[in-house]
Amino acid sequence: MAPPDPAGAHPTLPEPLSRRIFRKFLLMLCSLLTSLYVFYCLAERCQTLSRPVVGLSGGGEEAGPGRSVPAGGLGELAAWPAAARKKRLLQVQPWRKHRPPAPHGDGEEAAWEEEPPGLAGSPGGSGAGSSVAEPPPGTLALLLDEGSKQLPQAIIIGVKKGGTRALLEFLRVHPDVRAVGAEPHFFDRSYDKGLAWYRDLMPRTLDGQITMEKTPSYFVTREAPARISAMSKATKLIVVVRDPVTRAVSDYTQTLSKRPDIPTFESLTFRNRSAGLIDTSWSAIQIGLYAKHLEHWLRHFPLRQMLFVSGERLIRDPAGELGRVQDFLGLKRIISDKHFYFNQTKGFPCLKKAEGSGRPHCLGKTKGRPHPEIEREVLRRLRDFYRPFNRKFYQMTGQDFGWDG
Ligand SMILES: Nc1ncnc2c1ncn2[C@@H]1O[C@H](COP(=O)(O)OS(=O)(=O)O)[C@@H](OP(=O)(O)O)[C@H]1O
């Protein structure tokens, strides 16, 4: 038998009531804290807070948004509209099993290149140069199997160098838009892979959300209108158009950046310079014949299903153009002036807060780069060449884009 303690109390005597209450209270507090933590993790927050953001280029504005809490902190997230919060859940879905094919061919955009690093790896992101550690697929959306992959209801089909990346990045700010970041090139290069392959590239969406993609080469691909129509006659088509002369120079600038040894713009422009014969087989010239390309689309889609966005206005007044696009897509007008600021260094409008982040975001270095100086006379000849095609295009679309003014 154990000896009695100095106070004479028996060691097996029950604890005093106050201590038992205190123990119970501690136990309850612990379980409450544990459940809160589990709930918090399921709602993605612990991942986003703990994941290190690495490799951003000095946190400059070119650096994309990390998938971190919004600038305003946790309080701001709580204030987000429900749709935006749902969208966040979907952004951290298991990552695309198949990346879209890497772009090939001359002058094509490096599909991965423009992706804001913080969006990389998400279904809407490109995956290139991921600057944020990939979250494990243990997310709430995954657990609940929320959302599903849909074929796109709207596609930005062109035009190359028109401002298609800017439009897509701006649209992705909308809580009801989910887009694949890279260019899938399905209807021009990978059609034989089938619609199931294409759908699998898409991010998951909830009811009411629109799935989108952009591949600017579709606009000039002969087979694309019939193929998109075969997928769905109801597909909405967006074309960002830009003065075809500036577009051609922009296209040339891109090729030059990859192959500095190509001939001058001036020499590529003409089949016979003294005779004033423009080389329409050069893709930089050919893409700008908008009226000709549009004819093919109008055989498969009514004009009302197409929206023509002015590349020039997209730079001058992004919110104005985004207003038109939101209306066309049947979306609530959420993206407005307050989402943009003009970045003096970049010389272009940028987002105050990119999708899934609270950080400012400008497009990458390959967007808005300086063009080489082209002989005035050559530019004048090109303007003359495009004038009748532009007029036809204005007639067909019912919009004057002001390129000949
Ligand atoms: N906000 C903003 N920031 C940067 N750049 C902008 C912006 N809005 C439109 N643009 C113009 O977009 C041009 C590139 O067009 P695309 O994105 O369609 O090019 S691509 O076909 O995808 O390669 C790009 O062409 P360049 O100026 O020749 O580089 C820009 O003029």
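One-based numbering, in listed order, for ligands and for the atoms of each.
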Strictly under 4.0 Å, does any heavy atom of [X] approach an atom of ligand 1?
{"X": "Thr253", "answer": "no"}
{"X": "Leu167", "answer": "no"}
{"X": "Glu183", "answer": "yes"}

Region of Ile315 that comes within reach of ligand 1 [heavy atoms, distance under 4.0 Å] =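 Just the side chain.
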Region of Phe342 engaging ligand 1 - heavy atom pairs below 4.0 Å |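 For Phe342, there is no contact with ligand 1 at all, from either part.
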N or O pair under 3.5 Å between [X] and ligand 1:
{"X": "Ala166", "result": "no"}
{"X": "Gly162", "result": "yes"}
{"X": "Lys346", "result": "no"}

Give a yes or no on whether a salt bridge exists between [X] and [Y], defined as a side-chain N under 4.0 angstrom from a carboxylate O.
{"X": "Asp404", "Y": "Arg391", "answer": "no"}
{"X": "Glu312", "Y": "Arg242", "answer": "no"}
{"X": "Lys149", "Y": "Asp200", "answer": "yes"}
{"X": "Arg227", "Y": "Asp188", "answer": "no"}
{"X": "Glu169", "Y": "Lys367", "answer": "no"}

Report yes or no: does Gln209 contribute a side-chain atom to a donor-acceptor pair with the main-chain N or O of Arg178 at less than 3.5 Å?
->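 Not confirmed, Gln209 side chain does not pair with Arg178 backbone.
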Are the side chain of Glu183 and the backbone of Lys214 linked by a donor-acceptor contact shorter than 3.5 Å?
->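 Not at all, since once roles are kept as given, no pair shorter than 3.5 Å links the two residues.
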Could you tell me which non-hydrogen atom of Pro349 sits nearest to which non-hydrogen atom of Phe170, and how far apart they are?
->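 Closest approach of Pro349 to Phe170, heavy atoms only: O-CZ, 4.0 Å.
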Should you measure from each heavy atom of [X], which atoms of ligand 1 turn up under 4.0 Å away?
{"X": "Arg369", "value": "27 (O), 29 (O)"}
{"X": "Ser250", "value": "25 (O), 26 (P), 28 (O)"}
{"X": "Pro349", "value": "1 (N), 2 (C)"}
{"X": "Phe170", "value": "1 (N)"}
{"X": "Thr366", "value": "29 (O)"}
{"X": "Lys214", "value": "22 (O)"}
{"X": "His371", "value": "26 (P), 27 (O), 28 (O)"}

For atom CZ of Arg387, decide whether the heavy atoms of other residues, nucleotides or ligands shown that lie under 6.0 angstrom number more than 12.
->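 Yes - once you tally the heavy atoms of other residues, nucleotides and ligands closer than 6.0 Å, there are more than 12.
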Has Lys292 got its NZ or CZ under 6.0 Å from the middle of the six-membered ring of Phe389, at an angle within 45 degrees of the ring axis?
->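 The answer is no; the distance or angle limit is not met.
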Specify whether Tyr198 and Phe186 have parallel, tilted or perpendicular ring planes, treating 30° as the upper limit for parallel and 60° as the lower limit for perpendicular.
->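 If you compare the ring of Tyr198 with that of Phe186, the planes turn out parallel.
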I'd like the name of whichever of [options] reaches closest to [atom] through any heavy atom.
{"atom": "atom 12 (O) of ligand 1", "options": "Gly311, Ser257, Ser217, Gly163", "result": "Gly163"}
{"atom": "atom 29 (O) of ligand 1", "options": "Gly368, Pro370, Cys362", "result": "Gly368"}
{"atom": "atom 23 (O) of ligand 1", "options": "His361, Lys160, Lys367, Arg165", "result": "Lys367"}

